[in-house]
Amino acid sequence: MAVTVNDIKELMKLTGVGMMDCKRALVETDNDQEKAIEILREKGLATQAKKSGRVAAEGIVTAVVKGNVGAVVEVNIETDFAANNEEFKAFVNAVADTVIEQNPADVEALKACKISGGDKTVEEAHQDLFVKLRENMVIRRFQRMEGTLVSYVHGGGSIGVMVALDTDLDADKVYEVGKDCALQVAAMNPSYLDRTQVPSDVLDKEKEILLAQMADDPKMASKPEQVKVKIVEGKVGKYYSENCLLEQAFVKDDKVTVGKYVANAAKNLGGSIAVVDYVRFERGEGVEKKEENFADEVASMMNK
């Protein structure tokens with residue numbers, strides 16, 4: 001019996017297994033859903049459907065540069081123990097290489113790509129690794145960049161940073177400058193590159209908050225409106241210095257801003273250097289972790 005797209009979708013819905021594995025199982029069983037489920041269970045794939053609901057907030061963030069192309073990638077898994085598995089680390093690196101080499105549009109497109117250095121797709125390699133590790137894994141996000149790039153990975157994969165530079169100097173000459181900027185991004189987590197990137201609505205909200213604070217302060221409430229406006233403008237300047245990379249105090253020398261440090265370095269090297277972009281991924285940021293105490297976890301296991 002011919003296998004249709006709807007047959008594959010139904011099996012995927014029933015098992016939570018990837019498209020290609022479902023298709024192969026249906027072809028092998030002449031489109032018998034029950035036998036196909038049995039085959040997938042025997043291979044250890046169908047059990048992933050049950051595990052896919054578990055929160056995967058551990059894992060690895062990596063940042064890789066090859067020539068003038070780079071990628072920052074986050075792949076999550078349930079436990080830090082599994083995240084330290086060498087095969088998992090190799091998978092994350094292969095995913096990053098795939099992003100660099102094939103420039104997929106998004107995570108779904110990435111899953112359909114042939115994985116770097118292998119014959120299977122990223123999704124198929126993902127499924128194979130699940131069979132070995134038995135933990136829910138999620139390729140969460142990636143960003144690909146081009147140009148003069150410098151990467152930095154902190155804490156064995158807790159934070160990954162990539163900085164893009166515009167320079168007329170050789171990449172090896174500006175590496176240390178890029179690395180210092182990447183360390184700054186990792187440590188200080190700026191929201192924007194410079195003040196031109198701060199949306200007007202963000203500034204308006206910040207001013208609104210500051211004015212409200214002054215209205216509640218007896219010492220400030222009686223001051224003339226134009227004085228309040230000047231005070232707010234001054235405090236907005238502090239907002240820039242806290243949230244914009246190039247205006248932050250440089251962590252290695254807080255007497256200068258990051259922008260001034262880069263300008264000084266360029267002058268000393270006899271060329272021009274400008275930080276034009278950056279990306280920072282922190283492992284598990286925004287993922288809601290389920291909190292359970294040990295007694296409750298044991299009890300829940302006993303009830304299964």
Side-chain angles (χ1 to χ4, degrees), residues 61-63 65 68 70 72 143 145 147-214 217 219-220 223 226-283 285:
V61 177
T62 193
V65 176
N68 68 337
V72 185
Q143 187 161 328
M145 303 176 77
T148 302
L149 306 171
V150 180
S151 63
Y152 170 68
V153 177
H154 179 75
S158 61
I159 297 172
V161 175
M162 191 166 293
V163 172
L165 304 174
D166 182 14
T167 180
D168 55 7
L169 297 165
D170 292 339
D172 59 336
K173 285 190 175 182
V174 300
Y175 177 80
E176 287 303 322
V177 177
K179 192 63 172 286
D180 282 339
C181 291
L183 287 166
Q184 176 87 20
V185 171
M188 302 307 294
N189 193 15
S191 301
Y192 310 98
L193 176 66
D194 58 32
R195 64 176 61 194
T196 65
Q197 292 190 351
V198 182
S200 58
D201 61 325
V202 171
L203 281 180
D204 290 343
K205 188 65 180 176
E206 189 68 18
K207 291 175 182 178
E208 182 184 319
I209 291 169
L210 291 169
L211 285 169
Q213 289 174 348
M214 282 192 281
D217 184 345
K219 293 180 181 179
M220 300 298 296
K223 289 187 181 292
Q226 62 267 31
V227 173
K228 291 180 183 178
V229 169
K230 284 187 177 181
I231 292 171
V232 166
E233 291 299 331
K235 291 193 175 185
V236 166
K238 185 180 179 184
Y239 177 86
Y240 288 137
S241 68
E242 291 176 348
N243 292 280
C244 298
L245 171 63
L246 297 180
E247 298 196 31
Q248 286 182 337
F250 183 41
V251 289
K252 288 189 174 182
D253 179 5
D254 61 10
K255 294 182 177 63
V256 298
T257 64
V258 173
K260 186 64 176 174
Y261 158 71
V262 173
N264 289 342
K267 185 178 179 181
N268 291 336
L269 290 168
S272 65
I273 308 171
V275 182
V276 293
D277 200 6
Y278 71 90
V279 59
R280 180 188 189 274
F281 287 174
E282 185 167 347
R283 178 179 60 211
E285 61 187 340

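Across Leu165 and Gly178, no two heavy atoms sit closer than the pair CD1-CA, 4.0 Å. Counting all heavy atoms, side chain and backbone alike, Tyr192 lies closest to Gln197 at CD2-O, 3.6 Å. Contact between Met188 and Val251 at its shortest, heavy atoms only, is CG-CG1, 3.7 Å. Taking both residues in full, the closest heavy atoms of Val153 and Ala63 are given as CG2-N, 3.5 Å, listed atom of the first, atom of the second, then distance. Listed here is the closest heavy atom pair of Ala249 and Gln184: O-NE2, 3.1 Å. Here the closest heavy-atom approach between residue Tyr278 and residue Ser191 is recorded as OH-C, 3.4 Å.
For Arg280 (side chain) and Val161 (main-chain N/O), no donor-acceptor pair under 3.5 Å exists by modelled atom type. The backbone N or O of Ser272 lies less than 3.5 Å from a partner atom in the side chain of Asp168, making a donor-acceptor pair. When atom types are taken as modelled, the side chain of Glu285 and the backbone of Glu282 share a donor-acceptor pair closer than 3.5 angstrom. Not one N or O on the side chain of Gln248 forms a donor-acceptor pair closer than 3.5 Å with the backbone of Ser241.
You'll find the side chain of Leu245 stays beyond 4.5 Å of the side chain of Asp194, heavy atoms only. When side chains are defined from C-beta on, Val262 counts as touching Val275, because their heavy atoms get closer than 4.5 Å. Side-chain atoms of Val150 and Cys181, non-hydrogen and from C-beta on, never get closer than 4.5 Å to each other.
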>> Quick one, Val72 with Ser151, criterion side-chain contact (heavy atoms from CB on, under 4.5 Å). Give me CA distance, side-chain angles, the key distance, then yes/no.
In response: CA-CA 9 Å; Val72 185; Ser151 63; over 6 Å; no

>> For Leu193 and Leu246: C-alpha separation, side-chain torsions, deciding distance, then whether side-chain contact (heavy atoms from CB on, under 4.5 Å) applies.
In response: CA-CA 6 Å; Leu193 176 66; Leu246 297 180; 4.2 Å; yes

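The CG atom of Leu183 sits 10.5 Å away from atom CD1 of Ile159, with the distance rounded to the nearest 0.5 Å. To the nearest 0.5 Å, atom CG of residue Asn68 and atom OG1 of residue Thr148 are 8.0 Å apart. Here Glu176 contributes atom CD and Leu269 contributes atom CG; the two are 10.5 Å apart, rounded to the nearest 0.5 Å. Expressed to the nearest 0.5 Å, how far OH of Tyr240 lies from OG1 of Thr196 amounts to 9.5 Å.
Salt bridge status for Lys205 with Glu208: present, with a side-chain N to carboxylate O gap under 4.0 Å.
Screening residues 247-270 for ring-ring contact (aromatic ring centres under 6.0 Å, His included) gives Phe250-Tyr261 as the qualifying pairs, with residues at least two apart or on separate chains.
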